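Please read the structure below before turning to the comments.
Order of appearance sets the numbers: ligands from 1, and atoms from 1 within every ligand. Worth saying up front: this structure is predicted, and the values here are computed from it rather than measured.
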Amino acid sequence: MSSTVLRLGLWILILVLAAYVLHESMEEQNAELIPMALLGKALTLGGILVVAGIVLRIFEKSAKVVVKNRCAVCRTPIVHGAIYCREHLRSVLHAEDERLHQTKIRGR
Ligand SMILES: [Zn+2]
């Protein structure tokens, strides 16, 4: 997400720069084809996008550090979205399995 915004902002800045160079090298009549007011707006937009992209990138990085998951039992760092580490996931599933078996047997 952040890299997309950043890239878009940089592209706009490059285009504005190219348009500006083109504007400067053009004859006065043709130069009016590229309104400077529009270039100014595009430059502002590009600048905002670049800044937003950088801020988003910093945000994403810090968010990743904060959201880093840990096993609910032993606090080992684990993959995103998981609750337990491999070892404890297995034991928890095993315990769950036994619990279900017991209820089934009890039900009969
Ligand atoms: Zn664990």
- Is the number of heavy atoms from other residues, nucleotides or ligands under 6.0 Å of Leu93 CG greater than 12?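 Atom CG in Leu93 is packed in, count exceeds 12.
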inquiry  = Assess whether a salt bridge exists between Glu60 and Arg57, defined as any Lys/Arg side-chain N lying under 4.0 Å from an Asp/Glu carboxylate O.
reply    =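 No.
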Quick one, Leu6 with Leu49, criterion side chain to side chain contact (heavy atoms under 4.5 Å, CB included). Give me CA distance, side-chain angles, the key distance, then yes/no.
CA-CA 6 Å; Leu6 201 62; Leu49 280 175; over 6 Å; no
Environment of the Zn ion (ligand 1) in terms of protein N/O/S atoms, cut-off under 2.8 Å
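Short answer, with waters excluded from the count: Cys71 SG, Cys74 SG, Cys85 SG, His88 ND1.
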### Query
So among Cys71, Pro77, Ser91, which one has a side-chain contact (heavy atoms from CB on, under 4.5 Å) with Cys85?
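The single option meeting the side-chain contact (heavy atoms from CB on, under 4.5 Å) with Cys85 is Cys71.
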Which heavy atom of Leu89 sits nearest to which heavy atom of Tyr84, and what is that distance?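 Looking at all heavy atoms of both residues, the shortest contact is N-CB, 3.5 Å.
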*Residue list, salt bridge (charged side-chain N to carboxylate O under 4.0 Å, His left out) with Glu98, at least two apart or on another chain*: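 Here no residue qualifies.
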